[in-house]
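Since the structure comes first, as structure tokens, the remarks are kept for the end.
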Amino acid sequence: MLSAMRGGMSLEFLRAANPRFAMVLGSGLGAIADALGIEAEVPYPQVPGLLASTVPGHAGRLVLVRPEGIPMLIAQGRSHLYEGLSAAQVTAQVRVLHDLGVRTLMLTNAAGAVNTCFGVGELMAISDHLNLTGTTPLLGGPHFKDMTEVYSKRWRAEMKLIATNAGFPLHEGVYAGLLGPQYETPAEVRMLRVLGADAVGMSTVLEAIQARALDMEVIGVSTLTNWAAGITQDALSHDEVMVAGRSVVGQMTALVRGIASRLAAGD
Ligand code: HPA
């Protein structure tokens with residue numbers, strides 16, 4: 001049945017599954033979709049408004065899975081501003097997911113660790129963000145949306161319990177979202193620390209803003225794939241980011257299953 005569905009399903013099939021929960025996968029996390037058991041998939045070029053990704057490690061498809069029996073969509077691949085796209089283009093995915101019925105959105109990413117109390121290869125629940133991209137998907141409206149609690153406090157507490165029960169650390173901190181595509185300089189990382197950042201990356205903030213503007217509940221989780229520039233003597237590489245991303249697939253899958261079981265219980 002699956003082989004017949006692969007590549008051939010329509011968006012309406014995904015809508016009919018009534019997905020209320022979705023996840024956007026960051027670099028190196030593609031295996032989560034496989035770990036949860038892919039039921040159907042729709043490649044991005046078949047979805048109006050979505051673009052095939054140009055970044056290695058981002059597949060470019062919407063996948064239907066059922067952790068704990070809950071219909072859930074996984075957006076495997078995302079667009080980034082640094083690909084030369086607009087804020088509206090990189091957040092089209094969030095609007096598509098909302099249109100399909102999603103109301104709880106988990107955004108994941110690969111990030112450099114700025115806070116030296118954290119560790120590479122560990123996860124950080126995003127408590128808040130610094131949007132340093134210089135743009136927003138809300139240009140032209142809606143205006144003046146409240147951003148006091150972008151990342152759901154309730155789900156942060158639930159994730160902490162899930163991680164503790166499963167026996168892995170889950171940090172909490174502020175994610176700074178930058179334009180990229182180059183990594184930061186050591187001086188920029190020192191600046192980010194002064195500004196209150198615990199981690200730095202090139203995604204997530206615009207999607208989170210768009211999701212909140214649509215009144216979705218947002219959950220953010222960063223994989224700390226490397227020390228931000230200048231913390232060690234090492235140069236940064238995308239390969240290192242991909243390898244570290246893959247190493248936390250088990251932990252990230254445990255978080256998803258935990259969230260799904262709470263959603264199944266009606267939380
Ligand atoms: N900086 C910005 N983006 C990133 C990093 C980083 O160190 N690691 C993974 N994504």
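The analysis underlying the following values was restricted to heavy atoms, covering all of them including side chains, and did not include hydrogens, waters or symmetry mates.
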Quiz prompt | Distance-only polar pair, side chains of Tyr82 and Gln182, donor-acceptor under 3.5 Å | solution = no
Self-check item: Test side chain to side chain contact (heavy atoms under 4.5 Å, CB included) applied to Ile259 and Trp155, step by step
Solution: CA-CA 8 Å; Ile259 292 167; Trp155 282 115; 3.8 Å; yes
Practice problem: Evaluate the side-chain proximity of Arg66 to Glu39: yes if any heavy-atom separation is below 4.5 Å, no if none is. | Solution: yes
Quiz item: Do the non-hydrogen side-chain atoms of Met202 and Leu179 ever get within less than 4.5 Å of each other?
Solution: no
Quiz item: Taking Val114 as the fixed residue, which of Glu184, Arg190, Arg193 is the one that meets the side-chain contact (heavy atoms from CB on, under 4.5 Å) rule?
Solution: Arg193
Quiz item: Say you draw a straight line from CG of Leu36 to CD1 of Ile70; how long is it, rounded to the nearest 0.5 Å?
Solution: 12.5 Å
Practice problem: State whether the side chain of Lys145 and the backbone N or O of Arg212 hold a donor-acceptor pair below 3.5 Å, judged by distance alone. | Solution: no
Self-check item: Met242, Gln76, Met252 screened by side-chain contact (heavy atoms from CB on, under 4.5 Å) with Leu29, the one that passes
Solution: Met252
Self-check item: Between CD1 on residue Ile162 and CG on residue Leu255, distance to nearest 0.5 Å
Solution: 6.0 Å
Self-check item: Under 3.5 Å side-chain donor-acceptor pair for Arg95 and Gln210
Solution: yes
Exercise. Any chance you could lay out the side-chain hydrogen bond (donor to acceptor under 3.5 Å, both in side chains) test for Asn131 and Thr133, step after step, and finish with the verdict?
Key: CA-CA 6 Å; Asn131 175 13; Thr133 65; 2.7 Å; yes
Quiz item: Do the side chains of Leu85 and His80 get nearer than 4.5 Å, heavy atoms only?
Solution: no
Quiz item: Can you check salt bridge (Lys or Arg N to Asp or Glu O under 4.0 Å) on Asp99 and Arg15, steps first, answer last?
Solution: CA-CA 9 Å; Asp99 178 62; Arg15 189 192 306 281; 3.1 Å; yes
Practice problem: Determine whether Arg78 and Thr204 make a side-chain contact, defined as any pair of heavy atoms from C-beta on separated by less than 4.5 Å. | Solution: yes
Quiz item: Is the shortest heavy-atom distance from the side chain of Asp198 to the side chain of Met124 under 4.5 Å?
Solution: yes
Quiz item: Does Tyr44 use its side chain to pair, donor to acceptor, with the backbone of Gly77 at less than 3.5 Å?
Solution: yes
Quiz item: Are the side chain of Ser86 and the backbone N or O of Gln89 linked by a donor-acceptor pair below 3.5 Å?
Solution: yes
Quiz item: Is there side-chain contact between Phe13 and Leu64, with at least one heavy-atom pair below 4.5 Å?
Solution: yes
Quiz item: Between the main-chain N or O of Val24 and the side-chain N or O of Thr108, is there a donor-acceptor pair closer than 3.5 Å?
Solution: yes
Quiz prompt | Side-chain touch Val218/Glu207, heavy atoms, less than 4.5 angstrom | solution = no
Self-check item: In one Ile/Leu/Val/Met/Phe/Trp/Tyr side-chain cluster, 4.5 Å: Val248, Ile219
Solution: yes
Quiz prompt | Under 3.5 Å: donor-acceptor pair, side chain of Thr223, backbone of Thr225 | solution = no
Quiz item: Taking the side chain as C-beta and beyond, is there a heavy-atom pair between Ser152 and Thr104 under 4.5 Å?
Solution: no
Self-check item: Aromatic plane relationship, His171 with Phe118 - under 30° parallel, 30 to 60° tilted, over 60° perpendicular
Solution: parallel
Quiz item: Can you check whether Phe21's main-chain N or O pairs, donor with acceptor, with Arg103's side chain at less than 3.5 Å?
Solution: no
Quiz item: Can Arg154 and Glu217 be counted as an ion pair, charged N to O under 4.0 angstrom?
Solution: yes
Exercise. Give a yes or no answer on whether the side chain of Arg156 reaches the backbone of Tyr151 with a donor-acceptor pair at less than 3.5 Å.
Key: yes
